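To start, the structure itself, in structure tokens.
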Amino acid sequence: LVPIVPPKPNTTLEFTETIGRLYFDKKNHKNLAEKKIKVFLEYIRSHYFLDTQHLDEDFLQALSKKTAMEKGRLKALVHLITRVRNSRNFGESDLIELNAEIERFHQRVHEKNS
């Protein structure tokens with residue numbers, strides 16, 4: 001008989017949620033948004049092998065082609081990222097909007113790849 005070894009739990013999600021709650025509770029919305037953007041852009045670099053240094057038209061075209069997503073939808077997300085980076089007053093509603101857009105991106109990519 002081969003013993004059944006239960007899989008190790010994935011604590012990454014729990015850790016991420018805990019850190020997110022910490023920043024959210026401290027009302028440091030801009031800092032959390034910048035971290036979300038950093039993680040999102042790292043995802044783009046590692047999954048689509050795109051340079052995220054300049055989020056320009058060439059970047060949008062390449063990402064649209066690799067993800068099969070509308071360039072207009074991607075442009076709205078990049079515009080939001082730029083707005084976060086340039087904003088001094090960044091509130092809870094802005095953070096929620098950014099999170100929703102990033103989640104929509106991941107959901108659409110997952111749907112297109114399924």
Side-chain angles (χ1 to χ4, degrees):
L1 285 180
V2 176
I4 298 174
V5 178
K8 293 183 180 183
N10 183 355
T11 58
T12 304
L13 183 59
E14 291 173 21
F15 175 75
T16 303
E17 289 173 348
T18 300
I19 295 300
R21 278 193 303 276
L22 175 67
Y23 276 97
F24 193 78
D25 289 345
K26 292 195 177 278
K27 306 289 185 205
N28 198 344
H29 305 304
K30 177 150 174 116
N31 191 299
L32 183 55
E34 288 170 347
K35 286 182 179 11
K36 288 192 78 57
I37 290 168
K38 189 175 183 178
V39 169
F40 174 71
L41 294 178
E42 176 56 35
Y43 175 85
I44 298 298
R45 287 189 296 274
S46 65
H47 283 77
Y48 301 108
F49 309 105
L50 293 174
D51 181 8
T52 59
Q53 196 92 16
H54 304 286
L55 306 180
D56 55 12
E57 285 296 318
D58 290 337
F59 169 80
L60 288 169
Q61 186 67 32
L63 185 59
S64 176
K65 187 175 182 180
K66 288 190 176 222
T67 61
M69 287 182 64
E70 295 176 24
K71 189 173 156 189
R73 171 55 60 197
L74 296 171
K75 193 171 190 171
L77 177 55
V78 166
H79 177 71
L80 184 55
I81 288 170
T82 303
R83 196 175 90 209
V84 169
R85 288 178 165 173
N86 296 332
S87 175
R88 291 181 190 201
N89 299 323
F90 190 79
E92 182 178 332
S93 62
D94 298 313
L95 177 59
I96 291 169
E97 180 184 3
L98 174 67
N99 186 66
E101 283 298 320
I102 290 173
E103 289 298 316
R104 272 193 284 277
F105 172 86
H106 287 297
Q107 184 179 18
R108 285 189 176 114
V109 167
H110 178 71
E111 287 170 359
K112 291 192 182 284
N113 292 330
S114 295

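Keep in mind it's a predicted model, so treat the numbers as computed, not measured.
- Proximity of F49 to I44: side-chain heavy atoms (C-beta onward) are nowhere separated by under 4.5 Å.
- Heavy atoms of other residues, nucleotides or ligands lying less than 6.0 angstrom from NZ of K71 number more than 12.
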Requested in this report: Go through the steps to decide whether E111 and R108 satisfy the test salt bridge (charged side-chain N to carboxylate O under 4.0 Å, His left out), and finish with yes or no.
Outcome: CA-CA 5 Å; E111 287 170 359; R108 285 189 176 114; 5.9 Å; no

Exercise. Going through the distances and angles, do L74 and T67 end up as a side-chain contact (heavy atoms from CB on, under 4.5 Å)?
Worked result: CA-CA 10 Å; L74 296 171; T67 61; 4.1 Å; yes

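- L77 contributes atom CG, which lies 6.5 Å from atom CG of L80 (distance to the nearest 0.5 angstrom).
- Applying the side chain to side chain donor-acceptor pair (under 3.5 Å) criterion to R45, with sequence neighbours excluded, gives E42, T52.
- Here the side chains of D56 and L60 are not in contact, with every heavy-atom distance at 4.5 Å or above.
- Between the side chain of T82 and the backbone N or O of V78 there is at least one donor-acceptor pair closer than 3.5 Å.
- The hydrophobic clustering, which links ILVMFWY residues whose side-chain heavy atoms are closer than 4.5 Å, places Y48 and L55 together.
- Here CD of E103 is found 10.0 Å from CG of L98. Values are rounded to the nearest 0.5 Å.
- The salt bridge (Lys or Arg N to Asp or Glu O under 4.0 Å) search around E97 returns R83, not counting sequence neighbours.
- Of all the heavy atoms in R85 and K30, the pair that sits closest is O-NZ, 3.4 Å.
- Counting non-hydrogen atoms of neighbouring residues, nucleotides and ligands closer than 6.0 angstrom, the NE2 atom of H79 reaches no more than 12 such neighbours.
- For the pair H29/D94, no side-chain contact is recorded, criterion being any heavy-atom separation below 4.5 Å from C-beta on.
- Residues A33 and V84 share a closest heavy-atom pair of CB-CG1, 3.8 Å.
- For K65, the NZ atom sits in a loose shell: 12 or fewer heavy atoms of surrounding residues, nucleotides or ligands are nearer than 6.0 Å.
- For E70 and K75, the salt-bridge test fails: no basic side-chain N is under 4.0 Å from an acidic carboxylate O.
- Within 6.0 Å of CG in N89 there are 12 or fewer heavy atoms belonging to other residues, nucleotides or ligands.
- Residues L63 and M69 form no side-chain contact, since every pair of their non-hydrogen atoms from C-beta on lies 4.5 Å or further apart.
- Shortest non-hydrogen contact noted between L32 and L95 is CD2-CD2, 3.6 Å.
- Within the 3.5 Å criterion, the main-chain N or O of H106 finds no donor-acceptor partner in the side chain of H110.
- Here the side chains of F59 and D51 are not in contact, with every heavy-atom distance at 4.5 Å or above.
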